[in-house]
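Working notes, structure below.
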Amino acid sequence: MAKIGMFYGSTTGNTETAADLIKKEFDKIDPGLLEVFNVAGDRVSKMMDFDYLILGSSSWGDGELQDDWDDVWDQMDDLDLSGKKVALFGLGDQFGFSDTFQDALKVLADKVKELGGVLVGLWPNEGYEFDDSAALVGEKFLGLSLDEDNQSDLTPERVEAWVAQLKDEFAL
């Protein structure tokens, strides 16, 4: 079976917790299917070892990536993701940062496309309240969008549905 690598950065622990939930859902499909890496300590060059990728970041301030991604951002330019399917997940605060909700997803998506990757795992924007998001394409976010500040109760069901969606999109 194909292998999936998940790479994330986390400041407050919320993105790490989301990554753990995603891992648990993939473990229900196959316990060895998904390997998890924190970009704070793991090399992004490991992305090349996987058939599929999942990248995760929270949005900060005016929609910037989580700080650990900044530290490895230039290393991403050495990767060739040509044809590789890549899914994204993001965390944000739709009320506190209503004008930049999930903007880090757009930053990640642009880098993935620049490196030749194919985005999958787009997520509907239904059930969210925000003013603007650079991460919207039509009525969908560029990846799973989670809000632990205001909708943490919806996170488990959103993760479960998204992993089921990825199972199909990754053809697992």
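Heavy-atom basis, side chains included; hydrogens, waters and symmetry copies ignored. Here the structure is a predicted model, which means the values were calculated and not measured.
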A side-chain contact here means heavy atoms from C-beta on lying under 4.5 Å apart; do [X] and [Y] qualify?
X    : Y    : result
D49  : K3   : no
L79  : M48  : yes
M47  : M76  : yes
I4   : L166 : no
E160 : L21  : no

Open item on the list: Applying side chain to side chain contact (heavy atoms under 4.5 Å, CB included) to D30 and L172, what does each step give before you reach the verdict?
Closed with: CA-CA 10 Å; D30 177 351; L172 301 174; over 6 Å; no

All N/O donor-acceptor pairs, side-chain side in residues 53-61, below 3.5 Å, sequence neighbours left out:
unit_1	atom_1	unit_2	atom_2	d
S57	OG	Q66	N	3.1
S58	OG	W60	NE1	2.7
S59	OG	D103	N	3.2
S59	OG	A104	N	2.9

If Ile, Leu, Val, Met, Phe, Trp and Tyr residues are connected whenever their side-chain heavy atoms lie under 4.5 Å apart, and connections chain through other members, are [X] and [Y] in the same group?
X    : Y    : result
L105 : F95  : no
W162 : V118 : no
W73  : V112 : yes
L146 : F97  : no

In Å and rounded to the nearest 0.5 Å, what is the [atom1] to [atom2] distance from [X] to [Y]?
X    : Y    : atom1 : atom2 : answer
L122 : L88  : CG    : CG    : 8.5 Å
D153 : E148 : CG    : CD    : 9.0 Å
L144 : Q102 : CG    : CD    : 8.0 Å
D20  : M6   : CG    : CE    : 7.5 Å
N150 : D93  : CG    : CG    : 5.0 Å
L91  : D147 : CG    : CG    : 8.0 Å

Open item on the list: What I want to find out is whether K111 reaches D77 closely enough, with some N-O distance under 4.0 Å, to be called a salt bridge.
Closed with: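 Yes, this pair counts.
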
Open item on the list: Strictly below 4.0 Å, N to O, side chains only: are K23 and D27 in salt-bridge contact?
Closed with: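 Between D27 and K23 there is a salt bridge, with a charged N closer than 4.0 Å to a carboxylate O.
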
Just jot down the ring-ring contact (aromatic ring centres under 6.0 Å, His included) partners of [X], sequence neighbours excluded, or say none.
X    : result
F101 : Y128, F130, F141
F26  : none
Y8   : none

Open item on the list: Checking L119 against K113 for the side chain to side chain contact (heavy atoms under 4.5 Å, CB included) test, could you report, in this order, the C-alpha distance in whole Å, the side-chain angles of both residues, the deciding distance, and whether it holds?
Closed with: CA-CA 8 Å; L119 283 177; K113 290 177 192 174; 3.5 Å; yes

Donor-acceptor pair, [X] side chain versus [Y] backbone, under 3.5 Å?
X   : Y    : result
T12 : S10  : no
K84 : F50  : yes
Q94 : Q151 : no

For the [atom1] atom on [X], are there more than 12 heavy atoms of other groups (residues, nucleotides or ligands in this structure) within a distance under 6.0 Å?
X    : atom1 : answer
E129 : CD    : no
D62  : CG    : no
K167 : NZ    : no

Under 3.5 Å donor-acceptor pairs involving side-chain atoms of residues 35-43, not counting sequence neighbours:
unit_1	atom_1	unit_2	atom_2	d
N38	OD1	A40	N	2.9
D42	OD2	N38	N	3.1
R43	NE	S45	OG	3.4

Task: Set of residues satisfying salt bridge (Lys or Arg N to Asp or Glu O under 4.0 Å) with respect to D67, sequence neighbours excluded - done: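 Once residues adjacent in sequence are excluded, D67 has no partner under the salt bridge (Lys or Arg N to Asp or Glu O under 4.0 Å) criterion.
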
Task: A18 versus F89, closest heavy-atom pair with distance - done: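 The answer is CB-CE1, 4.0 Å.
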
